[in-house]
Amino acid sequence: MNHAEAQKMLHRCGQDHVLACWDSLDKAGRKALLGQIASIEPENVARCAAALAAGAQIPDSSKGKAPKVAELKGAKLRAAIAAGEKELDEGRVGVILVAGGQGSRLGFDGPKGCYPIGPITDAPLFYFHARKVLARTVRHGAPVPLYIMTSEANNADTVRCFEEHGYFGLDPDDVFFFVQGMWPGMDKDGKIILDSPGHVFMSPDGHGGLLAALKRSGALADMKKRGIRSLFFFQVDNPLVEVADPAFIGYHVTEKSEYTLKLCEKRDPFEKVGVPMKFGGGYRMVEYTEMTPEQCRRKGAGGKLYFRYGSPAIHVFDREFLEREADKDMPIHLAFKKIPFLGDDGRTVKPQEPNGYKFEKFIFDILPNAKKAAFLAFEQSEEFSPVKNAEGADSPATCKADMQAKWRRWMKAAGIGYAGPVEIDPAYALDAEELKASGICLNAE
Ligand code: UTP
């Protein structure tokens, strides 16, 4: 894109001010600015401005009903596991890891996936995810390709982390990094914010940016070429997750679902998690901010919460469903944030209060479009302990304690009584049975 093309495009979008500093920029500054402008899609500017003008829309969830959530036991569980293992054995399963977030609450300098979470080894979050994928690959004798979404801000560091650790034992040909989109921030009047002379403030377009990024990067085409049918989706901050577990994959396949969600019981009625609800024949994820206190407290059968289950963002998608959705526009969500901006004196101002909007897409917004959706319950203590905050709840301290508690349960099942620090490489044992079968024993001093 050259200056004239950029000028024309910005003029059409009512954003002429973005080029106001042009004359004061050197050659490199001009090139960088043109690069940023070229990455901005005019339709998205118009959609973001329209979303801003419409204001935050709170959809009515008062008619929502609790979905039917399966709790697999006995023969049903065994059948789901067998179906999932067949998918894995035949190489029809891929894994999507979204790791493009900014991790602002954790405040870690680097990609969140590089955060040292190993209780003994300080191994990064990526280690636990990648070693679980490796364990599945070895166990089922077929590749399980890993698709990792990064952002422009953390892609290079993420790739470096994998390179420095020898891809954690994975075949690099089966690891596919792709970069999500960035959207410009806007002020209250819908004007794109510059945060320094000739530099547009941009932020990742949310985990819903996955669909467009999968298509743009060729990841969707790669999945098709490999004959992948089901995609296990998870977030970078949860090292307890059971990556591509056969029961979940098998349940998804046997239900002929396009979008299957793992759900866990809410820890309290007001827990900040999305709750899927049924509206007529389809489903929609209702954010906790949309629920009334009465809805949150409502009791159902057996005195349990009616909206008992929340979503920790552990999903299985049909590849064909993702392909279908990748071409559609997704709803845009607004977040009012403190955004650095260019002051009148040409310096960057860091505001004390929110002053502008970031725009995001959420992956669960495609739930209503699934021809068939299914829901599977799981035990939170077994599979979900996210690293969100630096301290307190959902922090590295709580997560490390939960990881170790899970491993100690495995050790107990294997007949090993031990209360000290523990860390188990997922490629050594992926579950209690595997640990037991490994014949490990501890020599008490
Ligand atoms: P969160 O909503 O927890 O956001 O992301 P975050 O950016 O990691 O952390 P905060 O809110 O700034 O503290 C949930 C998952 O979605 C991914 C994150 O990497 C994480 O795995 N994500 C989020 C993206 O991949 N891209 C985004 O634009 C946003």
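Count residues from 1 along the sequence. Note that the coordinates shown come from a computational prediction; the quantities given were computed from them, not determined experimentally. Just so you know, ligand 1 is whichever comes first in the structure, and atom 1 is the first atom listed for that ligand.
- Two rings, from F232 and F234, have their centers less than 6.0 Å apart.
- Atom 7 (O) of ligand 1 has Q102 N, 2.8 Å as its closest protein atom, hydrogens excluded (heavy atom only).
- When hydrogens are left out, the protein atom nearest atom 2 (O) of ligand 1 is R105 NH2, 4.0 Å; that is the closest non-hydrogen contact.
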Can D222 and Y147 be said to form a side-chain hydrogen bond (donor to acceptor under 3.5 Å, both in side chains), step by step? CA-CA 10 Å; D222 183 77; Y147 300 89; 2.7 Å; yes
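- For ligand 1, the atoms sitting less than 4.0 Å from at least one non-hydrogen atom of A99 are 19 (O), 25 (O), numbered in the order shown with element in parentheses.
- Each of the atoms 14 (C), 15 (C), 21 (O) of ligand 1 lies under 4.0 Å from some heavy atom of Q235.
- Put simply, the side chain of K132 gets close to the backbone of P239: a donor and an acceptor are under 3.5 Å apart.
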Give the C-alpha distance, both sets of side-chain angles, the deciding distance and a yes or no for ring-ring contact (aromatic ring centres under 6.0 Å, His included) between Y127 and H165. CA-CA 8 Å; Y127 165 89; H165 291 89; 8.0 Å; no
Between Q235 and K112, is the side-chain hydrogen bond (donor to acceptor under 3.5 Å, both in side chains) condition met? List the steps. CA-CA 10 Å; Q235 303 190 334; K112 207 192 242 189; over 6 Å; no
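- The shortest N/O to N/O separation between L106 and ligand 1 does not fall below 3.5 Å.
- Of the protein's non-hydrogen atoms, the one nearest atom 21 (O) of ligand 1 is V98 O, 2.7 Å.
- In terms of protein heavy atoms, atom 12 (O) of ligand 1 is closest to S104 OG, 2.5 Å.
- The shortest contact between atom 25 (O) of ligand 1 and any protein heavy atom is with G100 N, 2.8 Å.
- Taking every non-hydrogen atom of K112 and a distance limit under 4.0 Å, the qualifying atoms of ligand 1 come out as 8 (O).
- Residue contact annotation: G209 has no non-hydrogen atom under 4.0 Å from ligand 1.
- Remark: D237 engages K388 in a salt bridge, criterion side-chain N to carboxylate O under 4.0 Å.
- Taking the centre of each ring, F384 and F378 stay at or above the 6.0 Å mark.
- Here the heavy atom of the protein found nearest to atom 23 (C) of ligand 1 is G101 CA, 3.7 Å.
- Looking at E242, E71, E382, E383 one by one, the single match for salt bridge (Lys or Arg N to Asp or Glu O under 4.0 Å) with K262 turns out to be E383.
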Output, in order, the C-alpha distance, side-chain angles, deciding distance and verdict of side-chain hydrogen bond (donor to acceptor under 3.5 Å, both in side chains) for S61 and E290. CA-CA 7 Å; S61 66; E290 297 170 33; 5.0 Å; no
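- Taking the charged nitrogens against the carboxylate oxygens, R319 and E323 do have a contact shorter than 4.0 Å, which makes a salt bridge.
- In this structure, atom 6 (P) of ligand 1 lies nearest to the protein heavy atom G103 N, 3.6 Å.
- Atoms of ligand 1 lying under 4.0 Å from any heavy atom of H207, numbered from 1 in the order shown and given with element: 16 (O), 26 (N), 27 (C), 28 (O), 29 (C).
- For atom 26 (N) of ligand 1, the closest heavy atom belonging to the protein is Q180 OE1, 2.7 Å.
- Note: no N/O pair closer than 3.5 Å links D205 and ligand 1 by distance alone.
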Between F168 and F126, is a ring-ring contact (aromatic ring centres under 6.0 Å, His included) present by the stated rule, with each step listed? CA-CA 8 Å; F168 304 104; F126 283 135; 7.2 Å; no
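- Within ligand 1, counting atoms from 1 as listed, the ones closer than 4.0 Å to a heavy atom of M149 are 25 (O).
- Every atom of ligand 1 with a heavy atom of K388 under 4.0 Å away is listed here by number and element: 1 (P), 3 (O), 14 (C).
- Among the atoms of E360, none of the N or O lies under 3.5 angstrom from an N or O of ligand 1.
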